[in-house]
Asker: 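Below is the structure I would like to discuss, written out as structure tokens.
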Number of protein chains: 2
Amino acid sequence: MLRDFQTVLKKLHLKVTPKRLAILEILKNESVYLSPEEVWRKLRKQFSRVGLPTVYRNLEELAQGDVISKVTHPNRQLYYYFCLNPSHHHHFICLSCRTVEDIDFCMFRELEKRVKQELKGRVVSHILQVNGLCKKCLKKDGESHA
Amino acid sequence: MLRDFQTVLKKLHLKVTPKRLAILEILKNESVYLSPEEVWRKLRKQFSRVGLPTVYRNLEELAQGDVISKVTHPNRQLYYYFCLNPSHHHHFICLSCRTVEDIDFCMFRELEKRVKQELKGRVVSHILQVNGLCKKCLKKDGESHA
DNA sequence: TGCATTAATAGAAATGGTTTCTATTTACAT
DNA sequence: ATGTAAATAGAAACCATTTCTATTAATGCA
Ligand SMILES: [Zn+2]
Ligand SMILES: [Zn+2]
Ligand SMILES: [Zn+2]
Ligand SMILES: [Zn+2]
């Protein structure tokens, strides 16, 4: 697995630094999306000296390289998530517990085709994200009202 | 048209103030999305005293009330757009000239159904937006390279 | 293995879009 | 007209994110 990350980083022409690998490990071991500061707090448990700007920079680089994915949160702050699913897909994110679940169903290909045909524009990127409350949080909420 | 905005505001239990109406007029007369500060600059042409926080507050209230729509921009800053299309739809936004075009084709209903069935979660909101370069900007770009 | 090159980093500082706060004014129901 | 609750101006604060610079570390090659 370490080898895998190294390969990925090299493909992106990013140097394989201990902190870069640690950031990836932190995200990989989380089932929820994290803010840069949260990643930083976890990182500080392993490194005595580590700057918050380093975390911001690394997260952005890794997101640019499609190694991790960025969450589009209603509060407009930055959150990142490591997703094992290598194919194009989108996410259902829980606004309460931050769980991320894959939406393998992507109807974007058809949409993109129509945008190109009907609007004659060039598609640079698209955002499709479903925000809500996950199964577990719904259950929790139900109990508290019981 | 003035009457229309008044009705809309009253339904939302928002008082009909001159500045609120002016903000709506400004957005309605624009074919591109605007930042709060840009709305403010235009507003200052009509009112000698007007605060930027007023603009922020009004835009947010109007967006909450579905009178205007918020743009999810890659730079994570706030932009708003007044859309005449009353039915549920999404937008193609030009990252260059800020033009907004409707995508009447919404395949969200099916997606939502699947999210509910397969993930057993509650959908609170969804974001679907296509970012790119519009027909006009593509043409402009092509000419500059010619 | 040593060296040159270039990227990565720490830490401090700045940034600036956005929000908060409070006194004052305004809309509007009665 | 009058009372009340909402809306506002202006100043100030906020704080997540970015910039800056000197230092350190990774990497490719001799
Ligand atoms: Zn949840
Ligand atoms: Zn995923
Ligand atoms: Zn354009
Ligand atoms: Zn529209």
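A note on names: the letters A, B, ... follow the listed sequences, proteins ahead of strands, and every chain is numbered from 1.
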Asker: Take atom NE2 in His13(A); do more than 12 heavy atoms of anything else shown fall under 6.0 Å from it?
Answerer: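 No, not enclosed.
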
Asker: Would you call Asn58(A) and Leu14(A) a side-chain contact if the rule is heavy atoms closer than 4.5 Å?
Answerer: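 They are not in contact (no side-chain heavy atoms under 4.5 Å apart), so the answer is no.
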
Asker: Each nucleotide N or O in nucleotides 26-30 of chain C that has a protein N or O under 3.5 Å away: list the pair and distance.
Answerer:
residue, atom, partner, partner atom, Å
dA27(C), N3, Lys15(B), NZ, 3.3
dC28(C), OP1, Val16(B), N, 2.8

Asker: Side-chain contact test, heavy atoms from C-beta onward, threshold under 4.5 Å: evaluate it for Arg109(A) versus Lys113(A) and give yes or no.
Answerer: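 Counting from C-beta outward, Arg109(A) and Lys113(A) never come under 4.5 Å.
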
Asker: Once you measure the plane-to-plane angle for His91(A) and Tyr81(A), does it fall in the parallel (<30°), tilted (30-60°) or perpendicular (>60°) bin?
Answerer: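 Rings of His91(A) and Tyr81(A): perpendicular, as their planes differ by over 60°.
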
Asker: To the nearest Å, how far apart are Glu60(A) CD and dA16(D) P?
Answerer: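 Glu60(A) atom CD is separated from dA16(D) atom P by 17 Å.
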
Asker: With side chains defined as the heavy atoms from C-beta onward, is the minimum distance between Leu9(B) and Thr17(B) less than 4.5 Å?
Answerer: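 Answer no - side chains too far apart.
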
Asker: Without decimals, in angstroms, what is the distance between His13(B) NE2 and dT4(D) C1'?
Answerer: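 The answer, rounded to whole Å, is 17 Å.
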
Asker: Tell me whether the side-chain N/O atoms of Arg49(A) come closer than 4.0 Å to OP1 or OP2 in dG11(C).
Answerer: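 For Arg49(A), the contact criterion (side-chain N or O under 4.0 Å from OP1 or OP2 of dG11(C)) is met.
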
Asker: Scan nucleotides 18-24 of chain D against the protein and return all N/O pairs shorter than 3.5 Å with their distances rounded to 0.1 Å.
Answerer:
none

Asker: At 4.0 Å (heavy atoms only), tell me whether Arg20(A) reaches a base, stays on the sugar-phosphate, or touches nothing.
Answerer: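 The answer is sugar-phosphate, as Arg20(A) gets under 4.0 Å only of primed atoms, P, OP1 or OP2.
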
Asker: Parallel under 30°, tilted from 30 to 60°, perpendicular over 60°: which one fits the rings of Tyr33(B) and Tyr79(B)?
Answerer: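 Ring orientation, 0 to 90° scale: perpendicular.
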
Asker: Considering just the side-chain nitrogens and oxygens of Asn75(B), establish if one lies under 4.0 Å of OP1 or OP2 belonging to dG17(C).
Answerer: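 The answer is no; no side-chain N or O of Asn75(B) sits under 4.0 Å from OP1 or OP2.
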
Asker: To the nearest 0.5 Å, what is the distance between CG (Leu34(A)) and CG (Leu78(A))?
Answerer: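 If I round to the nearest 0.5 Å, the distance is 12.5 Å.
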
Asker: Looking only at heavy atoms, which two atoms of Ile93(A) and Gln129(A) are closest? And how far apart?
Answerer: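 Smallest heavy-atom distance, with atoms named: CD1-NE2, 3.5 Å.
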
Asker: In whole angstroms, how far is the P atom of dG17(C) from the CD atom of Gln77(A)?
Answerer: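 Atom-to-atom, Gln77(A) to dG17(C), this comes out as 17 Å.
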
Asker: First locate atom CD of Glu118(A), then atom CD1 of Ile103(B), and finally report the distance between them rounded to the nearest 0.5 Å.
Answerer: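 One gets 9.5 Å once the value is rounded to the nearest 0.5 Å.
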
Asker: For the residue pair Leu119(B) and Phe92(A), what are the closest heavy atoms and their distance?
Answerer: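 Minimum heavy-atom contact is CD1-CB, 3.7 Å.
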
Asker: Can you list, by residue number, the residues of residues 32-40 of chain A that have a non-hydrogen atom closer than 4.0 angstrom to DNA chain C?
Answerer: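 Going residue by residue through residues 32-40 of chain A, none turns out to have a heavy atom under 4.0 Å of DNA chain C.
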
Asker: Return no unless some side-chain N or O of Thr54(B) is found under 4.0 Å from OP1 or OP2 of dA9(D).
Answerer: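 Checking Thr54(B) against dA9(D): at least one side-chain N or O falls below 4.0 Å of OP1 or OP2.
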
Asker: Do the non-hydrogen side-chain atoms of Arg20(A) and Glu61(A) ever get within less than 4.5 Å of each other?
Answerer: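 They are in contact (side-chain heavy atoms under 4.5 Å apart), so the answer is yes.
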
